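Since we're looking at a predicted model, the values are computed, not measured. Below, chain A is the first sequence line, B the second, and so on; all start at residue 1.
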Protein chains: 2
Amino acid sequence: MTVAAALTKNQSLVLDTLAASQTPLSAYAILDALRPEGLRAPLQVYRALEKLQERGLVHRIESLNAFVACGHPHCQETEMIAFAICERCGTVDEFAEEKVVEGLSLWAERHAFTIQKAAIEIRGICSDCSRPAA
Amino acid sequence: MTVAAALTKNQSLVLDTLAASQTPLSAYAILDALRPEGLRAPLQVYRALEKLQERGLVHRIESLNAFVACGHPHCQETEMIAFAICERCGTVDEFAEEKVVEGLSLWAERHAFTIQKAAIEIRGICSDCSRPAA
DNA sequence: GATTGTAATGTAATACTATTACATATGATC
DNA sequence: GATCATATGTAATAGTATTACATTACAATC
């Protein structure tokens with residue numbers, strides 16, 4: 001039985017930074033946050049992000065060119081995660097909706113399209129932000 | 001009754017370039033294609049793209065940072081268009097799948113999230129490319 | 001313990017994508 | 001023809017991502 005290798009130093013730094021953030025961070029924002037830790041070049045961040053994404057610990061938000069720590073317990077299961085992005089407060093909600101997955105799979109089947117990955121991102125105003133101010 | 005204004009020169013150039021392409025084009029690819037026509041700066045392309053997107057004549061593919069001419073007859077109707085992107089040949093198929101829209105709307109309703117727009121992009125191998133070579 | 005192979009790291013340079021700021025032109029309307 | 005909104009042109013800069021190359025760390029094997 002193979003055990004998942006431990007995260008390396010840079011990978012841990014990047015993941016911790018993302019996990020501590022309420023909103024998605026760009027690679028350069030992560031870099032800036034980690035300069036005190038000794039990181040100096042974009043590539044150090046991009047490389048860590050790549051590995052973290054492979055493990056499903058981090059997701060890239062395509063419409064923002066930014067990254068979030070995975071919010072799901074077990075993301076590996078379905079490769080079709082969706083994100084709800086609030087335009088006001090910037091928070092991102094990660095979710096898996098069976099009907100969406102079914103719909104996309106259905107289309108793919110009908111058109112003999114082999115899905116490798118998906119980006120499903122809705123943008124709008126979250127419940128907190130649409131509530132009248134206290 | 002207001003009539004939609006005609007496209008401007010730059011808008012027409014950009015739209016024609018996209019319509020003539022089999023695959024999505026980046027803003028800079030469009031610019032390069034239109035240098036002979038006199039375009040010189042990225043902004044000229046971005047401005048045209050912005051107007052064309054407002055009219056639903058062009059879509060942005062978020063996961064590619066690129067643009068396509070609208071393939072649908074009447075895109076305006078549903079704001080939830082999906083794209084199937086072939087990793088091999090680069091072609092993009094535009095489609096609206098009721099079930100996907102329902103699924104996302106459902107989640108949004110349950111979470112009091114007001115959807116303003118969506119990016120739904122699946123990537124994989126299209127039917128043409130998965131057929132065995134002749 | 002030296003050797004070898006692999007993954008991770010460090011650094012610099014560069015490529016690609018997008019926006020801000022400011023100046024000018026064009027066309028419709030009054 | 002003065003005014004207003006829209007479209008254009010140009011330059012500079014900001015933001016995102018990759019290529020290329022050199023080095024280091026570490027585990028497996030000899």
Side-chain angles (χ1 to χ4, degrees), chain A residues 1-18 21 23-55 57-68 85 87 90 119 121 123, chain B residues 1-18 21 23-55 57-68 85 87 90 119 121 123:
Chain A
M1 163 179 173
T2 53
V3 174
L7 294 180
T8 67
K9 178 173 151 259
N10 287 358
Q11 288 163 18
S12 298
L13 287 171
V14 168
L15 182 55
D16 288 350
T17 303
L18 282 176
S21 173
T23 57
L25 295 178
S26 74
Y28 281 76
I30 296 169
L31 175 56
D32 286 341
L34 291 176
R35 278 188 202 283
E37 253 51 59
L39 290 220
R40 296 158 164 276
L43 193 47
Q44 295 176 295
V45 172
Y46 282 109
R47 283 199 279 228
L49 285 170
E50 188 182 357
K51 296 297 179 188
L52 292 168
Q53 284 176 267
E54 281 171 12
R55 291 180 180 226
L57 298 174
V58 160
H59 301 295
R60 178 190 172 81
I61 309 295
E62 299 290 349
S63 63
L64 294 177
N65 294 333
F67 305 83
V68 289
I85 303 153
E87 302 279 11
E121 304 172 9
R123 306 184 55 161
Chain B
M1 164 182 175
T2 52
V3 174
L7 294 180
T8 68
K9 178 172 150 258
N10 287 359
Q11 288 164 17
S12 298
L13 287 171
V14 168
L15 182 55
D16 289 349
T17 303
L18 282 176
S21 173
T23 56
L25 296 177
S26 74
Y28 280 78
I30 296 170
L31 175 57
D32 287 340
L34 291 177
R35 279 189 202 280
E37 254 50 61
L39 289 220
R40 295 158 165 276
L43 191 49
Q44 295 176 295
V45 172
Y46 281 109
R47 283 199 278 228
L49 285 170
E50 189 183 358
K51 295 298 180 187
L52 292 168
Q53 283 176 268
E54 279 172 11
R55 291 182 178 224
L57 298 174
V58 160
H59 300 295
R60 178 189 171 85
I61 309 294
E62 299 290 349
S63 63
L64 295 176
N65 293 333
F67 303 84
V68 289
I85 303 153
E87 302 277 12
E121 304 172 10
R123 307 184 55 160

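- A/Glu37 meets the side-chain contact (heavy atoms from CB on, under 4.5 Å) test with A/Leu13, A/Leu34; sequence neighbours excluded.
- Take B/Thr23 and apply the side-chain contact (heavy atoms from CB on, under 4.5 Å) test, not counting sequence neighbours, and it matches B/Ser21.
- Closest approach of A/Ala66 to A/Ser26, counting heavy atoms only: CB-N, 4.0 Å.
- B/Gln11 has its side chain out of reach of B/Val58: every pair of non-hydrogen atoms, C-beta onward, lies at least 4.5 Å apart.
- Residues satisfying the side chain to side chain donor-acceptor pair (under 3.5 Å) criterion with B/Asn65, sequence neighbours excluded, are B/Arg60.
- Between the CG atom of A/Leu13 and the C1' atom of C/dA8 there is a distance of 14 Å, given to the nearest Å.
- To the nearest 0.5 Å, the span separating CD1 on A/Ile30 from CG on A/Leu15 amounts to 10.0 Å.
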Distances for protein N or O near nucleotides 6-10 of chain D N or O, under 3.5 Å:
unit_1	atom_1	unit_2	atom_2	d
D/dT8	OP1	B/Thr8	OG1	2.6
D/dT8	OP1	B/Lys9	N	3.4
D/dT8	OP1	B/Asn10	N	3.4
D/dG9	OP2	B/Asn10	ND2	3.0
D/dG9	OP2	B/Gln44	NE2	2.4
D/dG9	O5'	B/Gln44	NE2	3.3
D/dG9	N7	B/Arg47	NH2	2.5
D/dG9	O6	B/Arg47	NH1	3.2
D/dG9	O6	B/Arg47	NH2	3.4
D/dT10	OP2	B/Arg40	NE	3.3

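- Applying the side chain to side chain donor-acceptor pair (under 3.5 Å) test to B/Thr17 and every residue at least two apart in sequence or in another chain returns nothing.
- In the helix from C/dG1-D/dC30 to C/dC30-D/dG1, the terminal helix axes, each the rotation mapping four pairs' C1' atoms onto the next four within five end pairs, subtend 20°, rounded to 10°.
- Every residue was checked against the side chain to side chain donor-acceptor pair (under 3.5 Å) condition with A/Glu50, not counting sequence neighbours, and none meets it.
- For A/Ser12, the side-chain contact (heavy atoms from CB on, under 4.5 Å) partners at least two apart in sequence or on another chain are A/Leu7.
- Residues forming a side chain to side chain donor-acceptor pair (under 3.5 Å) with A/Asp32 (at least two apart in sequence, or on another chain): A/Arg35.
- Going from atom CG of A/Leu49 over to atom CG of A/Asn10 covers 10.5 Å, rounded to the nearest 0.5 Å.
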task: Starting at the 5' end of nucleotides 12-17 of chain D, put B wherever the base has a protein heavy atom under 4.0 Å, S where only the sugar-phosphate does, and a dash everywhere else.
output: ----BB
Distances under 3.5 Å only, N/O to N/O: pair up the protein atoms with those of nucleotides 24-27 of chain D.
none

Hey, can you pull the donor-acceptor pairs under 3.5 Å for the side chains in residues 40-48 of chain B, sequence neighbours left out?
unit_1	atom_1	unit_2	atom_2	d
B/Gln44	OE1	B/Arg40	N	2.7
B/Gln44	OE1	B/Ala41	N	2.9

